[in-house]
Amino acid sequence: MRKPLIAGNWKMYKTIPEALGFAQSFKPLVVAATHCDIVLAPPVIAIKALADRVEGSNVEVAAQNVAAEAGPGAFTGEVSAAMLKDAGARYVIIGHSERRQYYGETDESVNRKIVASLAAGLLPIVCVGERLEDREGGHAEAVIAAQLVGGLRNLTVTDASRIIIAYEPVWAIGTGRTATPHVAQLMHAFIRSRIREMFGDPVAAGMRILYGGSVKPDNAAALMSEADIDGALVGGASLEAESFAQIVNYKNDR
Ligand code: PGA
């Protein structure tokens, strides 16, 4: 059985005091949630403080990005996977569409970041997703397949078994336009079939595939009821403790 994972991606929101205030309000709201893993991805500067604040609770911390180089080394402005681990992160989001779009992230850099993260003991949450024109042109599956082949190139079965995939159609991120559960399910099943071809059935059957893109308290349960949707990567609705807790507690609300 795959344990669902619900992750909040705060992007470039929240100072350290704001992150700690969130943790204070959020922890009691999810204290009974044992049905899923709960992850918060704050800006890198708040990782240490937030990880210390949630230590011993059922809430874990992710980074939103990582250096492609293992380091240590002369890479001004970069933060290595080992440093993120040391600061208290357990997961790292890699290849988010905003990083691909604004910061030149490619499948090749995604692949290097996965390798560096696994070597440091971080669990990668690898984002894939097609743009609106890809979907309208009928290329959505081809785009996702290429991102999987390029991003997961040369990984071993053991490496792949430690990875989480997040399917985030670019047209659904921050737009309020969620993929319907059915549309998301079709792509999740496709992703799992590709993972099966690349790494075999045990890895495919165990891999958690999250959906991301305008997940809200009122659509989380329907998305999560689909067979191949194993969690959510939540942007906007993770910024408020109450709304993110409602998403985490989707099961109790049904
Ligand atoms: P959103 O963002 O929930 O605000 O659409 C999702 C994401 O970018 O991970």
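Note that ligands are numbered from 1 as they come in the structure, with each ligand's atoms numbered from 1 the same way.
- With hydrogens left out, the protein atom closest to atom 6 (C) of ligand 1 is G235 N, 3.5 Å, a heavy atom.
- Using a 4.0 Å cutoff on heavy atoms, A237 does not count as a contact of ligand 1.
- Of the candidates A7, G174, S238, the one placing a heavy atom closest to atom 5 (O) of ligand 1 is G174.
- Looking at ligand 1, you won't find any N or O of T175 less than 3.5 Å from one of its N or O atoms.
- Within ligand 1, counting atoms from 1 as listed, the ones closer than 4.0 Å to a heavy atom of H96 are 7 (C), 8 (O), 9 (O).
- Assignment of C127 to the shell around ligand 1 is not supported, since no heavy atom sits closer than 4.0 Å.
- Checking only distances, G236 does come within under 3.5 Å of ligand 1, N or O to N or O.
- Closest to atom 9 (O) of ligand 1, if we only count protein heavy atoms, is E168 OE2, 2.7 Å.
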| From CA spacing to verdict: side chain to side chain contact (heavy atoms under 4.5 Å, CB included), K113, V92 | CA-CA 9 Å; K113 290 178 179 195; V92 55; over 6 Å; no
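- Considering backbone and side-chain atoms together, E98 places no N or O closer than 3.5 Å to any N or O of ligand 1.
- Using a non-hydrogen distance threshold of 4.0 Å, G212 does not register as a contact of ligand 1.
- Contact annotation: K216 has no heavy atom less than 4.0 Å from any atom of ligand 1.
- Using a 4.5 Å cut-off between side-chain heavy atoms of Ile, Leu, Val, Met, Phe, Trp and Tyr, with links allowed through other members, I38 and I209 fall into the same hydrophobic cluster.
- Q185 and D228 form a side-chain donor-acceptor contact under 3.5 Å, judged by distance and modelled atom types alone.
- For the pair D37 and R90, the salt-bridge criterion is not met [side-chain N within less than 4.0 Å of a carboxylate O].
- For ligand 1, the atoms sitting less than 4.0 Å from at least one non-hydrogen atom of S214 are 1 (P), 3 (O), 5 (O), numbered in the order shown with element in parentheses.
- Contacts between A166 and ligand 1 below 4.0 angstrom, taking non-hydrogen atoms only, are absent altogether.
- Distances below 4.0 Å separate heavy atoms of G213 from the following atoms of ligand 1: 5 (O).
- Using modelled atom types, one finds a donor on one side chain and an acceptor on the other under 3.5 Å when comparing H96 with E168.
- With a 4.0 Å cut-off on non-hydrogen atoms, N9 touches ligand 1 through its side chain and not its backbone.
- Interface atoms of ligand 1 facing A172, defined by a heavy-atom separation under 4.0 Å, are 5 (O).
- A distance of 9.0 Å separates OG of S109 from CZ of R99, quoted to the nearest 0.5 Å.
- Atom OH of Y13 has 12 or fewer heavy atoms from other residues, nucleotides or ligands within 6.0 Å.
- Side-chain contact of S97 with Q101: a donor-acceptor pair under 3.5 Å is absent, judged by distance alone.
- Residues V39 and I6 fall into different hydrophobic clusters, defined by Ile, Leu, Val, Met, Phe, Trp and Tyr side chains chained together at heavy-atom separations under 4.5 Å.
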| message | Could you walk me through whether R2 and M207 satisfy the side chain to side chain contact (heavy atoms under 4.5 Å, CB included) test, starting with their C-alpha distance in whole Å, then the side-chain angles of each, then the deciding distance to 0.1 Å, before giving a yes or no? | response | CA-CA 7 Å; R2 299 184 291 269; M207 185 167 284; 5.8 Å; no
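- Taking only nitrogen or oxygen atoms, main chain and side chain alike, V234 does not reach within less than 3.5 Å of ligand 1.
- Using modelled atom types, no side-chain atom of D52 and backbone atom of A49 make a donor-acceptor pair closer than 3.5 Å.
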